[in-house]
Trainee: 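Dropping the structure in here first, questions after.
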Number of protein chains: 2
Amino acid sequence: MREREINKPMRNSRQRAAILEVLKSTKSHPTADWIYEKVREKIPNISLGTVYRNLAVLKEMGKIMELKCGEKCSRYDGNPENHYHFICVNCGQVFDVEGVEVNKKIDQEVSEKNRWEVFHHCMEFYGLCSECSKKNV
Amino acid sequence: MREREINKPMRNSRQRAAILEVLKSTKSHPTADWIYEKVREKIPNISLGTVYRNLAVLKEMGKIMELKCGEKCSRYDGNPENHYHFICVNCGQVFDVEGVEVNKKIDQEVSEKNRWEVFHHCMEFYGLCSECSKKNV
DNA sequence: ATAAATGCAAAACTTTTGCACCCGA
DNA sequence: TCGGGTGCAAAAGTTTTGCATTTAT
């Protein structure tokens, strides 16, 4: 993974703005390809490479999160605040978990008991979303 | 993801046994390719496709776990008991978290507050392992 | 004997990258 | 103008799959 040079000046392109806008305007944790298709409605000749490059930059800027839970391809979350996710094992949809606070103390607990320097943690819940649950899958 | 047919009879192959043995004999959460190289020491002409196929079967049998945290490729864990993982963001090594109990009640809590049917959860901690921490990365 | 499992190679998929050109500051 | 960003296409890397053959039961 190549790191961005420190203090490298950064320009704003319509492509980057459009990608961020798409990501901010959905709660669906889309894949890079979905974002690509969505942005193409505005910028028809944008390339998938540009989408990937910008997702990497936006992630590095801390404006978005990359989720790599379960599936083959990454999903992106326009909300960079730490929060937990729920993945439906039937339909594959990803949801934000509501009503459960992020446990901030646990990082320190893990640090102390294992001699590591813990920065943060992720938690993903797996099960059936309400729709799939109704269908008795 | 194609599902295994229910009640489909299953045979034991040396390949499958060797793969499971390699996975049980390490704590290193290896990738499919690492497992492939390791099994080749015993069965030189085993194919990578067979490794992938068997990892999928073993996972479905509940004998191993697949980890998809952070990296591009999956890692496999010979311990199917639910436990948490720590990933070093510098060297990429994956460790089991010791001394922190798996929170079993939280699944029910998330279920109730979000109307989902939660089966289980994963938690991954990110930071520097003791070696990388020493190096002042 | 039967069909599950394998080895091999090709294919599928996601993601990255080299390069010439474009465009924002 | 300067070099960051883009589009395009090729490449890289992981995982899956089709098919003929092997092998466990």
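Chain naming here is simple, since letters A, B, ... match the order of the sequence lines and numbering starts at 1 in each. Note that the structure is predicted; figures quoted are calculated from it, not measured.
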Trainee: Taking N and O atoms by type only, does the side chain of B:R53 place a donor or acceptor under 3.5 Å from a partner on the base of C:dG7?
Mentor: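 When only heavy-atom distances are counted, B:R53 does reach the base of C:dG7 through a donor-acceptor pair under 3.5 Å.
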Trainee: Answer with yes or no after comparing the ring centroid distance for A:H85 and A:Y126 against a 6.0 Å cut-off, counting only values under it.
Mentor: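 So the answer is no for these two rings.
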Trainee: Show, in sequence, the C-alpha distance, side-chain angles and deciding distance for B:F95 and A:W116, and conclude whether the ring pair (Phe, Tyr, Trp, His ring centres under 6.0 Å) test is met.
Mentor: CA-CA 10 Å; B:F95 302 88; A:W116 300 317; 5.6 Å; yes
Trainee: Classify B:D33 by what it touches in the nucleic acid, base, sugar-phosphate, or nothing, heavy-atom distance under 4.0 Å.
Mentor: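 It contacts nothing in the nucleic acid.
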Trainee: Mapping B:K72 and B:G49 onto DNA chain C by nearest heavy atom, which one lands closer to the 5' end?
Mentor: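 First, find each residue's nearest nucleotide; the 5'-ward one identifies B:G49.
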Trainee: Distance check needed: D:dT6 C1' versus A:N12 CG, whole Å only.
Mentor: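 The answer, rounded to whole Å, is 15 Å.
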Trainee: Counting just side-chain N and O atoms, does A:Y52 come under 4.0 Å of either OP1 or OP2 of C:dT16?
Mentor: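 No, outside the criterion.
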Trainee: Rounded to whole angstroms, how far apart are CD on B:E37 and C1' on D:dG13?
Mentor: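 Interatomic distance, CD of B:E37 to C1' of D:dG13: 15 Å.
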Trainee: Closer than 3.5 angstrom, by distance alone: can the side chain of A:S25 be matched with the main-chain N or O of A:V22 as a donor-acceptor pair?
Mentor: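 Confirmed, A:S25 side chain pairs with A:V22 backbone.
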Trainee: Could you tell me the separation between the OH atom of B:Y36 and the C1' atom of D:dG13, rounded to a whole number of Å?
Mentor: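 It is 15 Å, rounded to the nearest whole Å.
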Trainee: On DNA chain D, compare the nucleotides closest to B:S13 and B:C73; which residue's is nearer the 5' end?
Mentor: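 Nearer the 5' end of the strand: B:C73.
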Trainee: Can you check the B:R11 CZ to D:dT22 C1' distance for me, whole Å?
Mentor: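 The answer, rounded to whole Å, is 10 Å.
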Trainee: So, do A:E124 and A:C122 sit near enough that their side-chain heavy atoms are less than 4.5 Å apart?
Mentor: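 Side-chain contact under 4.5 Å: yes.
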Trainee: Can you tell me if the side-chain N/O atoms of B:T50 get under 4.0 Å from OP1 or OP2 in C:dG7?
Mentor: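 Checking C:dG7 against B:T50, a side-chain N or O does come within under 4.0 Å of OP1 or OP2.
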Trainee: Taking the minimum atom-to-atom distance to the side chain of A:I43, which one of D:dG5, C:dA5, D:dG7 wins?
Mentor: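 Closest nucleotide to the A:I43 side chain: D:dG7.
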Trainee: What nucleic acid atoms does A:L48 come within less than 4.0 Å of, heavy atoms only: base, sugar-phosphate, or nothing?
Mentor: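 It contacts base atoms.
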Trainee: Distance criterion of 3.5 Å, no angle test: do you see the side chain of A:R14 paired donor-to-acceptor with the base of D:dG5?
Mentor: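 Result: no qualifying N/O pair found.
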Trainee: Once you round it to whole Å, what is the distance between C1' of C:dT14 and CD of B:E71?
Mentor: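 Those two atoms, CD and C1', are 16 Å apart.
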Trainee: Rounding to a whole Å, what distance do you find between B:E66:CD and D:dT16:C1'?
Mentor: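 In whole Å, D:dT16 C1' lies 13 Å from B:E66 CD.
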Trainee: Between A:S74 and C:dT14, is there a contact of a side-chain N or O with OP1 or OP2 at under 4.0 Å?
Mentor: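 Negative; the distance criterion is not met.
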Trainee: Just how far, in rounded Å, is C1' of D:dT16 from CG of B:N54?
Mentor: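 It works out to 14 Å between those atoms.
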Trainee: Examine C:dG7: is either OP1 or OP2 under 4.0 Å from a nitrogen or oxygen in the side chain of B:Q15? Give yes or no.
Mentor: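 It does, given that an N or O in the side chain of B:Q15 lies less than 4.0 Å from OP1 or OP2 of C:dG7.
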Trainee: Mind calculating the distance between CG (A:N45) and P (C:dC21) to the nearest angstrom?
Mentor: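 Rounded to whole Å, this separation is 17 Å.
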Trainee: Name the residue from B:K42, B:R14, B:K38 that meets the side chain to side chain donor-acceptor pair (under 3.5 Å) definition with B:E21.
Mentor: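 It is B:K42, the one option of B:K42, B:R14, B:K38 that forms the side chain to side chain donor-acceptor pair (under 3.5 Å) with B:E21.
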